[in-house]
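Before any comments, here is the structure.
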There are 2 protein chains.
Amino acid sequence: MTSGTSRAAVDPEQACPIAPVVDIVFSRWTTPILWALNEFGRQRFVELSRRIATITPKVLTQRLRQLERDGLVVRTYHAEVPPRVEYEISELGRSLAPLFAHLAEWASVNLEKVERARQDHDATERVGARRN
Amino acid sequence: MTSGTSRAAVDPEQACPIAPVVDIVFSRWTTPILWALNEFGRQRFVELSRRIATITPKVLTQRLRQLERDGLVVRTYHAEVPPRVEYEISELGRSLAPLFAHLAEWASVNLEKVERARQDHDATERVGARRN
DNA sequence: CGCATTACTATCCTTTAGGTACTCACTATA
DNA sequence: TATAGTGAGTACCTAAAGGATAGTAATGCG
């Protein structure tokens, strides 16, 4: 298994086949955005920002541009005054729904285990310090 | 669907039920680490860092501590000289395997669509600019 | 004695994210 | 005519996270 001195050094993309898709789908703020667009349908910029609430317009713009470029979101601009821009999830974006469901399923089963692990860890930290 | 003037403003955790699990499982470098531990079994710090190659020791330490705290990884310290520390994936960590497989499956089907979307986007960018 | 080994820290620098204010083009209102 | 308001962002600055490089401790080996 461990190959002794031979270093099988590869870049993260090679070392982990899912790394590229993680970059696309799970970079910061993308899941709340995709979720909102999938759940509540086509929405305007302000609607999205109100729904997600803690995202700033700068970052929302950045993420939407990225999602548009990756083909997960479709942006429609209406040249009115004031301007109206609508975002909706694409078919490609919708194809992530089962994956997200799977993730939600894992969370419903295991999230509390993570919580418990954290509490245990923090507790033994306080008591027994870390003897390295 | 859209509820007019009522703003349903909630924090991202509320707006997107999978946000907490994304923070745990898909924060930077965690997937390559978990993948390596799952594929190649118990490993020492240097083995991991050689396998992932582009990660720096500082960040690898940070992420491993986080994964240990979350109960996804188990750390074993042997007080020898030079020291020997081994990391292995926990049962909870292994429970992510089907999810990762699902992600790999999605990637094998859709990753090239994303690539194509990017190329199309960049091409029309160069030509037609963006009429906002 | 000096070098190698391992599992990290320490320090510095760059990139990314977050906060707040402002613009643009026009329309409705005073 | 002057003013305020609107939606979709930008501009600018600070804070946090990530990355690069070097160093540390304890000991065996040549």
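Protein chains get the first letters and strands the later ones, always in sequence-line order, with residue 1 at the start of each.
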Open item on the list: If you define the side chain from C-beta out and look only at heavy atoms, does anything of His78(A) sit under 4.5 Å from Val85(A)?
Closed with: no
- [ ] Compute the angle between the rotation axes at the two ends of the helix from dC1(C)-dG30(D) to dA30(C)-dT1(D), each taken over five pairs, rounded to 10 degrees.
- [x] 30°
Open item on the list: For nucleotides 11-30 of chain C, give me one character per nucleotide, 5' to 3': B if any protein heavy atom sits under 4.0 Å from the base, S if the only such contacts are to the sugar-phosphate, - if neither.
Closed with: B-----BBB-----BB----
Task: ring pair (Phe, Tyr, Trp, His ring centres under 6.0 Å) partners of Tyr87(A), counting only residues at least two apart - done: none
TODO: Quick one: list whatever passes side-chain hydrogen bond (donor to acceptor under 3.5 Å, both in side chains) with Glu88(B), sequence neighbours left out.
DONE: Arg42(B)
TODO: Nearest whole angstrom, please: distance from the C1' of dA26(D) to the CD of Glu80(B).
DONE: 13 Å
TODO: Send over the distance from His78(A) NE2 to dA8(D) C1', rounded to a whole Å.
DONE: 13 Å
- [ ] Output all residues satisfying ring pair (Phe, Tyr, Trp, His ring centres under 6.0 Å) with Phe100(B), sequence neighbours left out; order by chain, then residue number.
- [x] none
TODO: Could you pull out all residues at least two apart from Arg28(A) that satisfy side-chain contact (heavy atoms from CB on, under 4.5 Å)?
DONE: none
Task: OP1 or OP2 of dC8(C) under 4.0 Å from side-chain N/O of Arg75(B) - done: yes
- [ ] Identify, with sequence neighbours excluded, every residue that meets salt bridge (charged side-chain N to carboxylate O under 4.0 Å, His left out) alongside Glu115(B).
- [x] none
Open item on the list: Under 4.0 Å from OP1 or OP2 of dT6(C): is there any side-chain N or O of Tyr87(B) that close?
Closed with: no
Task: Nucleotide dA8(D), atom P - distance to CD of Glu68(A) in whole Å - done: 14 Å
TODO: Side chain of Phe45(B) only, please: which of dT10(D), dG7(D), dC8(C) is the nearest?
DONE: dC8(C)
Task: Nearest-0.5 Å distance that lies between atom CH2 in Trp35(B) and atom CD1 in Ile89(B) - done: 10.5 Å
Task: Whole angstrom value for the distance that separates P of dA7(C) from OH of Tyr77(B) - done: 10 Å
Task: All pairs passing salt bridge (charged side-chain N to carboxylate O under 4.0 Å, His left out) where residues 90-112 of chain A contributes a residue, at least two apart - done: Glu112(A)-Arg116(A)
Task: Distance, rounded to the nearest Å, where Arg65(B) contributes CZ and dG18(D) contributes C1' - done: 17 Å
Task: Length of the CD1-P vector between Ile52(A) and dG9(D), whole Å - done: 14 Å
Task: Glu47(A) CD to dG7(D) P, straight-line distance once rounded to whole Å - done: 10 Å
Open item on the list: Without decimals, in angstroms, what is the distance between Arg44(B) CZ and dA7(C) C1'?
Closed with: 9 Å
Task: By salt bridge (charged side-chain N to carboxylate O under 4.0 Å, His left out) - contacts of Arg69(B) (at least two apart) - done: Asp122(A)
